[in-house]
Structure formats: structure tokens, C-alpha cells
Amino acid sequence: MATCKAQIPEETLLDYWARDLADGDETDRVEEHLFACGDCSARLRHLAALGTGLGTLVRQGRVSGIVSRAILNRLQREGVHVRMFSLVPGETVPCAIFPGDDLVVTALRADFSGVDAVTLSVTGPGESPIARFEDVPVPGPGGEVLWVTPAAVVHEMPSMRLQLTLASAGATRAELGRYVLEHSASTPSA
Ligand SMILES: [Zn+2]
């Protein structure tokens with residue numbers, strides 16, 4: 001199959017598939033391109049195949065890492081129970097899960113002006129490394145990085161303080177924000 005020289009960006013394709021494209025013109029352009037391009041059509045089919053199984057994968061605890069807003073919207077529309085924590089740089093937020101939660105999403109906001117990609121590192125007590133994500137693409141200056149953890153995994157965690165750090169990827173590695181999740185293992189009764 002010929003490789004497309006003007007590939008629809010992954011993010012746009014995902015938004016199109018999740019029906020999150022706002023304006024009609026953009027949808028028309030994407031559809032026109034897909035009609036003519038076998039390469040991009042194949043990429044869309046691949047995404048769609050992933051999507052039908054998304055809710056199931058979540059419930060099996062197999063969705064984790066960094067996701068896009070389009071994927072998160074899609075999950076919520078499919079009835080996945082998302083517990084969301086939103087943090088700005090310097091903020092400390094208490095974190096706990098409740099019965100019925102499927103997924104814990106930590107939304108990290110920062111000023112992403114001039115930044116294309118970031119590194120997210122998560123550490124526990126004594127700087128012990130818990131997770132690290134390199135070269136995470138940033139969805140624009142006012143965007144957010146969405147870190148997803150299966151609720152079943154969080155459920156097993158003891159009470160602890162998690163430190164999250166966002167830095168720009170590449171040579172400069174400027175720190176964009178530090179955040180703290182104060183995780184409490186005891187689940188408040190609903
Ligand atoms: Zn194409």
C-alpha cells in the first residue's frame with residue numbers, strides 16, 4: 001500500500017472517529033481525504049477496531065498510561081465510570097477511589113506554550129519511581145495531560161503521597177509543573 005504523503009494527524013483521525021470534530025468543514029476535508037486514501041483509511045479502521053473493545057479493555061484493567069481527550073470522551077460515552085482529579089502546578093489534591101469506579105484520571109494542567117511534547121514522571125515516598133512517560137504530545141497551549149490508571153490498581157495502593165512532575169521533552173527539559181496527589185487507601189463510605 002502506498003504511504004500517504006499528507007497523512008491525517010493521529011489526533012484528528014481519533015477526533016473524527018470519536019465524532020469530536022467540531023466544525024463541518026474539517027469533517028468534510030477528513031472524509032474527502034479518507035475516500036481517496038487507502039493508507040489513512042486503514043489507520044482509521046485500526047483505530048475503530050481498538051475502539052469497539054475499549055470499554056471492555058478498561059474493565060479488564062488494561063487501559064493505562066496517557067490518553068487523549070477524545071479517548072476519554074469516548075470512554076465516558078461508553079459508560080465507563082471515571083474518577084477525575086484535576087491539578088494545576090503547585091497544587092496538592094487528596095485522591096481516593098469509590099466503589100464502582102473503573103478508571104482514575106489525573107488531569108495535569110500547565111502552560112504548554114511553545115512546548116510540543118513533555119515527560120511525565122511519577123514518584124512515591126523517598127523519590128521511588130512509580131511511572132514515567134516520555135515524549136507525550138501536548139494538545140495545545142491550554143491543554144492538559146491525562147494520566148489514566150485502572151481503579152483496581154489504585155485500590156491496591158497504600159496511603160501515600162505521589163509527586164508528579166511535567167517537564168518539556170527534548171534537550172531543554174524545562175520544568176512545567178509539580179503536582180501532589182495525597183492518596184488515601186481508606187474508601188469513604190458512599
Ligand atoms: Zn492519507
Side-chain angles (χ1 to χ4, degrees), residues 1-82 84 86-87 102-122 131-150 153 164-174 176-177:
M1 189 187 302
T3 304
C4 176
K5 299 275 193 300
Q7 279 201 342
I8 300 171
E10 195 74 8
E11 189 71 16
T12 308
L13 210 53
L14 205 54
D15 286 349
Y16 171 76
W17 165 73
R19 299 182 207 286
D20 282 339
L21 281 189
D23 84 297
D25 283 0
E26 193 173 10
T27 302
D28 290 350
R29 270 198 306 276
V30 168
E31 275 173 358
E32 249 169 59
H33 183 106
L34 286 172
F35 187 72
C37 176
D39 186 10
C40 290
S41 297
R43 289 167 58 222
L44 180 67
R45 277 197 301 278
H46 179 75
L47 274 180
L50 182 77
T52 48
L54 218 48
T56 310
L57 290 177
V58 167
R59 290 188 183 90
Q60 291 173 344
R62 287 162 62 189
V63 172
S64 66
I66 308 295
V67 301
S68 69
R69 175 53 77 170
I71 286 283
L72 182 61
N73 289 346
R74 175 85 183 195
L75 289 170
Q76 288 183 304
R77 270 203 297 277
E78 287 186 8
V80 171
H81 294 119
V82 173
M84 187 119 166
S86 221
L87 290 85
D102 294 315
L103 215 55
V104 177
V105 177
T106 308
L108 302 173
R109 295 170 187 277
D111 179 2
F112 295 114
S113 310
V115 177
D116 296 327
V118 296
T119 299
L120 167 63
S121 59
V122 184
R132 190 178 173 83
F133 305 95
E134 307 267 0
D135 278 320
V136 177
V138 169
E144 55 197 357
V145 169
L146 301 170
W147 175 40
V148 165
T149 314
V153 170
L164 296 84
T165 309
L166 275 185
S168 59
T172 50
R173 295 216 168 259
L176 301 170

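As the structure lists them, so they are numbered: ligands from 1, and atoms in each ligand from 1.
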Practice task
Supply the atom-to-atom distance Cys4 SG to His33 NE2, rounded to the nearest 0.5 angstrom.
Solution key: 3.5 Å
Which atom pairs, one a donor and one an acceptor, fall under 3.5 Å between side chains of residues 135-150 and the rest of the protein, sequence neighbours left out?
from, atom 1, to, atom 2, distance (Å)
Glu144, OE1, Arg109, NH2, 3.2
Glu144, OE2, Arg69, NE, 3.4
Glu144, OE2, Arg69, NH2, 2.3

Exercise for the section: Rounded to the nearest 0.5 Å, what's the gap from CD1 on Ile66 to CZ on Phe133? Could you check? Expected result: 5.0 Å
Completion exercise
Shell check on the Zn ion (ligand 1): protein N, O or S atoms less than 2.8 Å away are Cys4 SG, His33 NE2, Cys37 SG, Cys40 SG
Completion exercise
Output for pair (Cys40 SG, His46 NE2), nearest 0.5 Å, gives 13.5 Å
Practice task
Mind checking the CG-CG spacing from Leu166 to Asp111? Nearest 0.5 Å is all I need.
Solution key: 12.0 Å
Practice task
Mind checking the CD1-CG spacing from Ile8 to Asp39? Nearest 0.5 Å is all I need.
Solution key: 9.5 Å
